[in-house]
Amino acid sequence: MAKPLSVIIDTDPGIDDAVALLLAWASPELNVLGITTVAGNVELEQCYLNAHRLRQLASRMTPIYSGCSAPILKPLQVTHSIHGRDGLGMSWPRVDVPKSTQHSVDFIIEQALNHKNSPMTLCMLGPLTNLATALILCPEIKEGIKQVVLMGGALESSGNTSPVAEFNFYTDPHAAAKVFDSGLPIVMSPLDVTRQTEVVASWLDAIRSLDTPVCKAVYEMLSAYRSGSGGGLHDPCIVAWLIAPELFTEKRCDVRVEVCGDREGQSVPEWKEDGKVLSLTDVNVDGFLALLKNRIQSL
Ligand code: BDR
Ligand code: CA
């Protein structure tokens with residue numbers, strides 16, 4: 001097998017973030033260097049706690065860092081309507097949560113500088129605040145970043161937070177604009193593709209019947225997600241692309257992110273063959289759900 005891809009996962013768990021993290025941990029194709037948390041779906045402290053809950057569930061030792069507690073300019077607005085009061089939609093056993101030994105932004109900078117000779121992948125599942133801040137503090141990190149793969153934006157699809165904007169970009173549009181203007185290679189998984197992965201009852205029942213602690217938790221979290229206004233398995237799509245890109249189709253474009261007015265957080269594509277952004281456009285849903293089930297049951 002090829003050498004595993006070195007990846008940092010930046011996340012605001014969040015139920016779909018939780019499933020994405022479990023998929024990554026279950027996948028030998030990925031070497032997860034660290035989890036960097038950021039405020040988004042819930043407040044930062046809760047995201048940091050949730051990441052520890054998930055790491056314990058998956059029996060992993062990946063270091064976890066606490067990051068930016070608010071978007072660059074906007075106040076953080078947490079609604080709790082999709083991910084429940086504490087972000088994971090279910091009750092959890094007690095877990096020890098040590099103080100973060102480093103800020104998420106410092107960890108990203110340190111790792112990128114260390115990876116100049118073998119650039120790493122950044123997998124972004126929440127608002128892009130940590131990465132934008134890292135780019136402002138230390139632009140040289142670009143040399144150590146092979147690619148930024150991210151869940152965010154809505155290109156031809158409508159928004160899920162405003163009529164035109166997706167949640168991660170709407171929450172911190174300035175950060176998204178900074179990342180898209182950075183010149184870094186970007187692979188984007190927008191709502192256009194992630195909405196195709198609506199959780200179906202038969203799949204969820206199959207997960208429940210596997211009866212492992214991880215499958216039971218996934219069943220509980222996704223049952224809560226379905227009964228709220230969760231929609232697709234947004235964040236797991238981009239992790240699945242890293243593992244099995246053959247499940248997706250893609251198209252190139254340049255993307256501009258609007259930062260103010262009614263259009264804040266909107267991602268506007270210009271489709272062109274030499275576009276700097278590779279956007280996922282369609283997914284083989286059965287293949288995606290089969291991959292997810294197989295990997296999750298192996299944990
Ligand atoms: C994105 O917003 C969050 O609620 C999800 O975790 C996902 O990252 C979807 O718009
Ligand atoms: Ca997320």
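Atoms within each ligand, like the ligands themselves, are counted from 1 in listed order. Below, all heavy atoms of this structure are taken into account, side chains as well, without hydrogens, waters or symmetry copies.
Per residue D235, closest N, O or S atom to the Ca ion (ligand 2): atom name OD2. Looking only at its N/O/S atoms, D12 has OD1 as the one nearest to the Ca ion (ligand 2).
Considering Y170, F167, Y225, F169 only, the shortest heavy-atom separation from atom 2 (O) of ligand 1 involves F167.
Classified by interplanar angle (parallel below 30°, tilted 30° to 60°, perpendicular above 60°), the ring pair F107/Y65 is parallel.
Ligand 1 places these atoms under 4.0 Å from at least one heavy atom of D17: 6 (O). Interface atoms of ligand 1 facing M151, defined by a heavy-atom separation under 4.0 Å, are 1 (C), 7 (C), 8 (O), 9 (C). Ligand 1 places these atoms under 4.0 Å from at least one heavy atom of N160: 9 (C), 10 (O). Contact atoms of ligand 1 toward D235: 5 (C), 6 (O), 7 (C), 8 (O) (distance under 4.0 Å to a heavy atom of the residue). With ligand atoms numbered from 1 in the order given, ligand 1 contributes 1 (C), 2 (O), 9 (C), 10 (O) to contacts under 4.0 Å with heavy atoms of E166.
Looking at ligand 1, you won't find any N or O of D12 less than 3.5 Å from one of its N or O atoms.
Y219 contributes atom OH, which lies 15.0 Å from atom CD1 of I296 (distance to the nearest 0.5 angstrom).
Stacking of K293 on the aromatic ring of W203 is not recorded, the 6.0 Å distance cut-off and the 45° axial limit not both being met.
Coordination check, D17 versus the Ca ion (ligand 2): passed, since an N/O/S atom of the residue sits under 3.0 Å. The Ca ion (ligand 2) has no N, O or S atom of G14 inside 3.0 Å of it.
Annotation for E29: atom CD counts as buried by contact number, over 12 foreign heavy atoms lying within 6.0 Å.
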Would you list the atom pairs, donor with acceptor, under 3.5 Å between side chains in residues 113-123 and any protein atom, with sequence neighbours excluded?
| unit_1 | atom_1 | unit_2 | atom_2 | d |
| --- | --- | --- | --- | --- |
| N114 | ND2 | E110 | O | 3.4 |
| H115 | ND1 | Q111 | O | 2.8 |
| T121 | OG1 | Q147 | NE2 | 3.0 |

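Contact annotation for L125 and ligand 1: only backbone heavy atoms (N, CA, C, O) come within less than 4.0 Å of the ligand. Heavy atoms of T161 found under 4.0 angstrom from ligand 1: none, in either backbone or side chain.
For the side-chain hydrogen bond (donor to acceptor under 3.5 Å, both in side chains) test, no residue two or more places apart in sequence or in another chain qualifies with T37.
A salt bridge links D86 with R53; the closest basic N to acidic carboxylate O contact falls under 4.0 Å.
Between K142 and L135, some side-chain heavy-atom pair lies under the 4.5 Å cut-off.
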- request: Output, in order, the C-alpha distance, side-chain angles, deciding distance and verdict of salt bridge (Lys or Arg N to Asp or Glu O under 4.0 Å) for D96 and R94.
  value: CA-CA 7 Å; D96 285 335; R94 231 197 70 74; 2.8 Å; yes

